[in-house]
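Being a predicted model, the structure only gives us computed values, none of them experimental.
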Amino acid sequence: MQQISDYELELMKVIWSNEGTALYAEISSALEAKGMVFTKNTIITLLSRLVEKGLLRTNKLGHRNRYYAIVSEKEYQAAQTESFVKKLYEGNVKGLVSTLIQTDMLSAEDYEELKRFWQGGEQDE
C-alpha cells in the first residue's frame, strides 16, 4: 500500500469517520472543525492523489463527487504498522514493544489491557 502524506491522512480520517464516504463539503467542514483550514484547490488535489493511490474512488452526483474509501482505517493501520516494523525494526515486533516500554509509551494499564486481549478477554477500542 502506498504511503500517504499527513494531510492526505487527515482527509482519510474524515472520510473513515463518516462511514467511509463523504462529499467535498463534508470533508471541508470536518477539517475546519478540527482547526485545519485548506483552500478548495488543496483539498481537491489531495483527494485526487488519494484516488490515484487507490485509497479512494469517486462517484459523480451531478456536479459533485462523492468519495468512498476503498481501504478501511484498520487495513491502512495494519499495512502502515507492518511497513514501519519492517523498516525500523527489521520485522522484529519485540523490538518495537521493547521501545514502547522503555520510553514509557506503553503504560502498565496498557500492558494489562493487551494481556487480557491476548488471553481472549474483552478489549477496549
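In this structure, Leu23 is not a member of the same hydrophobic cluster as Leu31, with clusters built from ILVMFWY side-chain heavy atoms closer than 4.5 Å. Val97 and Phe84 fall within the same hydrophobic cluster, defined by Ile, Leu, Val, Met, Phe, Trp and Tyr side-chain heavy atoms under 4.5 Å apart, directly or through other members. Tracing side-chain contacts under 4.5 Å through hydrophobic residues (I, L, V, M, F, W, Y), one reaches Leu9 starting from Val71; they form part of the same cluster. Residue Phe117 is not grouped with residue Tyr111 when hydrophobic side chains (ILVMFWY) are merged at heavy-atom distances under 4.5 angstrom, including chains of intermediate members.
Within the model, atoms CE of Met1 and CD1 of Ile70 stand 10.5 Å from one another, a figure rounded to the nearest 0.5 Å. Leu55 contributes atom CG, which lies 9.5 Å from atom CD of Glu75 (distance to the nearest 0.5 angstrom). The CD1 atom of Ile43 lies 4.0 Å from the OH atom of Tyr24; values are rounded to the nearest 0.5 Å. Here CG of Leu50 is found 7.5 Å from OG of Ser5. Values are rounded to the nearest 0.5 Å. Here the CD atom belonging to Glu8 is positioned 6.0 Å from the CZ atom belonging to Arg49, to the nearest 0.5 angstrom.
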* Should Tyr89 and Thr99 be marked as a side chain to side chain donor-acceptor pair (under 3.5 Å) after you check the CA-CA gap, both sets of side-chain angles, and the distance that decides it? -> CA-CA 10 Å; Tyr89 295 95; Thr99 299; 3.1 Å; yes

* Begin with the C-alpha distance, continue with both residues' side-chain angles, and end with the deciding distance and a verdict on side chain to side chain donor-acceptor pair (under 3.5 Å) for Thr81 and Gln77. => CA-CA 6 Å; Thr81 301; Gln77 288 171 340; over 6 Å; no

* To do: Check the pair Asn92, Glu90 against side-chain contact (heavy atoms from CB on, under 4.5 Å), reporting the backbone distance first and the verdict last.
  => CA-CA 6 Å; Asn92 180 358; Glu90 297 179 358; 5.7 Å; no

* Asked: How far apart are the C-alpha atoms of Leu56 and Met12, what are their side-chain angles, what is the distance that settles it, and do they pass the side-chain contact (heavy atoms from CB on, under 4.5 Å) test?
  -> CA-CA 9 Å; Leu56 293 178; Met12 289 302 298; 3.6 Å; yes

* Would you check, one step at a time, whether the test side-chain contact (heavy atoms from CB on, under 4.5 Å) holds for Ile15 with Leu47? => CA-CA 11 Å; Ile15 294 167; Leu47 289 167; 4.1 Å; yes

* Asked: Step by step, would you call Gln3 with Gln80 a side-chain contact (heavy atoms from CB on, under 4.5 Å)?
  -> CA-CA 8 Å; Gln3 294 286 327; Gln80 292 307 305; 3.0 Å; yes

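Panel note: side chain Ser48, backbone Ile44; a donor-acceptor pair is recorded below 3.5 Å. Put simply, the side chain of Ser29 gets close to the backbone of Ala25: a donor and an acceptor are under 3.5 Å apart.
Between Trp16 and Tyr76, the ring planes lie tilted relative to each other; the angle falls in the 30° to 60° range.
The neighbour count for Lys86 NZ, taken as heavy atoms of other residues, nucleotides or ligands under 6.0 Å away, does not exceed 12. In the displayed structure, Glu112 atom CD is contacted under 6.0 Å by more than 12 heavy atoms of other residues, nucleotides or ligands.
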Compile the donor-acceptor pairs under 3.5 Å between side chains in residues 60-67 and protein atoms, sequence neighbours left out, one pair per line.
unit_1	atom_1	unit_2	atom_2	d
Arg66	NH1	Thr21	OG1	3.2

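The hydrophobic side chain of Val37 is isolated, with no ILVMFWY side chain under 4.5 Å apart from it.
For the pair Ala30 and Val14, the tightest heavy-atom approach, listed with the atom from each and the gap, is CB-CG1, 3.5 Å.
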